[in-house]
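Here's the structure, in structure tokens; my notes come after.
In this text, all values refer to a predicted model and were calculated from it rather than measured experimentally. Numbering of residues begins at 1 and proceeds along the displayed sequence.
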Amino acid sequence: MNFYTKIPDSLSVYFQLELQKYRDNYALGELQKAWGHLERAHIIGQRYPFAHSYVHWKMLLFGIRIKSSNEIIGQIPRLLVGGVKSFVGKVPVGNPGGANVPSLKSFEISEDIKEIFREAGLN
């Protein structure tokens, strides 16, 4: 069993970029675009406990901001369990992390995010 801890520096750059784009769009009130960047950050960081948990925390705060009880309720278990699943390498790859999708379902990763993984030297 592989144990994952910290997001590699080569991937962290892309993770941080998505979070910055999230903050920029959020500040502009472009909430749909902001959410899309959180989903991308989730896919990029979901194998790493702290990154994974951090994105779920931001998703929970987003749900509070938009007053979405579905998102708030959906993020709480993801926040509590997501990091643990990352630590032991058992995440549903490609899952965007929102409460609107099943938490254990894997999704196809978009080509541009696959390219990010390749650029970071990861498969």
Side-chain angles (χ1 to χ4, degrees):
M1 178 183 309
N2 291 329
F3 292 104
Y4 297 89
T5 53
K6 182 180 179 292
I7 191 168
D9 291 339
S10 61
L11 190 58
S12 181
V13 172
Y14 299 102
F15 179 74
Q16 293 301 327
L17 180 61
E18 291 299 332
L19 291 176
Q20 185 58 54
K21 289 178 180 180
Y22 159 74
R23 287 188 291 272
D24 293 346
N25 287 133
Y26 186 88
L28 293 171
E30 297 174 344
L31 300 181
Q32 191 167 5
K33 287 182 183 179
W35 180 258
H37 290 295
L38 277 182
E39 289 179 322
R40 289 173 59 82
H42 181 269
I43 294 166
I44 292 168
Q46 75 182 132
R47 291 186 183 268
Y48 309 97
F50 298 111
H52 191 179
S53 295
Y54 181 74
V55 172
H56 281 300
W57 172 248
K58 297 306 279 185
M59 287 179 163
L60 174 62
L61 294 177
F62 188 94
I64 292 168
R65 161 87 192 279
I66 65 168
K67 298 177 176 78
S68 169
S69 57
N70 184 48
E71 198 61 48
I72 295 165
I73 292 167
Q75 286 305 320
I76 292 171
R78 287 167 171 83
L79 182 58
L80 296 173
V81 178
V84 174
K85 292 185 78 62
S86 297
F87 183 70
V88 297
K90 298 290 182 189
V91 295
V93 176
N95 186 298
N100 62 327
V101 297
S103 61
L104 300 176
K105 182 178 179 184
S106 292
F107 289 79
E108 181 66 30
I109 298 175
S110 67
E111 285 303 317
D112 64 319
I113 294 179
K114 285 180 185 178
E115 182 59 28
I116 287 171
F117 289 131
R118 285 190 289 272
E119 288 287 325
L122 304 169
N123 292 328

- Query: When you look at H56 and V81, which way does the side chain to side chain contact (heavy atoms under 4.5 Å, CB included) test go after all the steps?
  - Reply: CA-CA 10 Å; H56 281 300; V81 178; over 6 Å; no
- Task: Go through E18 and H37 one step at a time and tell me if the side-chain hydrogen bond (donor to acceptor under 3.5 Å, both in side chains) criterion holds.
- Result: CA-CA 5 Å; E18 291 299 332; H37 290 295; 2.7 Å; yes
- Task: List the steps, then state whether side chain to side chain contact (heavy atoms under 4.5 Å, CB included) holds for L31 with R65.
- Result: CA-CA 10 Å; L31 300 181; R65 161 87 192 279; 3.7 Å; yes
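Once rounded to the nearest 0.5 Å, the distance linking CD of E39 with CZ of F107 reads 9.5 Å. Note that the CG atom of L122 and the NZ atom of K114 stand 15.0 Å from one another [nearest 0.5 Å]. I76 CD1 to L79 CG: the interatomic distance, rounded to the nearest 0.5 Å, is 8.0 Å. For the atom pair CD (E30) and CD (Q32), the distance works out to 10.5 Å, reported to the nearest 0.5 Å. The CG atom of L38 lies 13.5 Å from the CH2 atom of W57; values are rounded to the nearest 0.5 Å.
Closest approach of S53 to G83, counting heavy atoms only: OG-CA, 3.5 Å. A99 and G74 make their closest contact through CB-CA, 3.8 Å (heavy atoms, listed as atom of the first residue, atom of the second, distance). Between R40 and D112, the shortest heavy-atom contact is NH1-OD2, 2.7 Å. When all heavy atoms of A51 and I7 are compared, the closest pair comes out as CB-CD1, 4.4 Å. P49 approaches S86 most closely through the heavy-atom pair N-CB, 3.6 Å. Residues L11 and I44 share a closest heavy-atom pair of CD2-O, 3.5 Å.
Remark: the backbone N or O of N70 is not paired with any side-chain donor or acceptor of N100 at under 3.5 angstrom. Of the possible donor and acceptor atoms, none in the side chain of H42 sits under 3.5 Å from a partner among the backbone N and O of V55.
At most 12 non-hydrogen atoms from other residues, nucleotides or ligands lie less than 6.0 angstrom from NZ of K33. No more than 12 heavy atoms of other residues, nucleotides or ligands shown are found within 6.0 angstrom of CZ on F50.
The pair E71-R78 fails the salt-bridge criterion, with no side-chain N (NZ, NE, NH1 or NH2) lying under 4.0 Å from an Asp/Glu carboxylate O.
Between Q75 and I64 the shortest side-chain heavy-atom distance does not fall below 4.5 Å. Within the 4.5 Å cutoff, no side-chain heavy atoms of V93 are placed close to those of I43. Side-chain atoms of M59 and W35, non-hydrogen and from C-beta on, do get closer than 4.5 Å to each other. V84 is not listed as a side-chain neighbour of F87, based on a closest heavy-atom distance of 4.5 Å or more. Side-chain atoms of F62 and Y22, non-hydrogen and from C-beta on, do get closer than 4.5 Å to each other.
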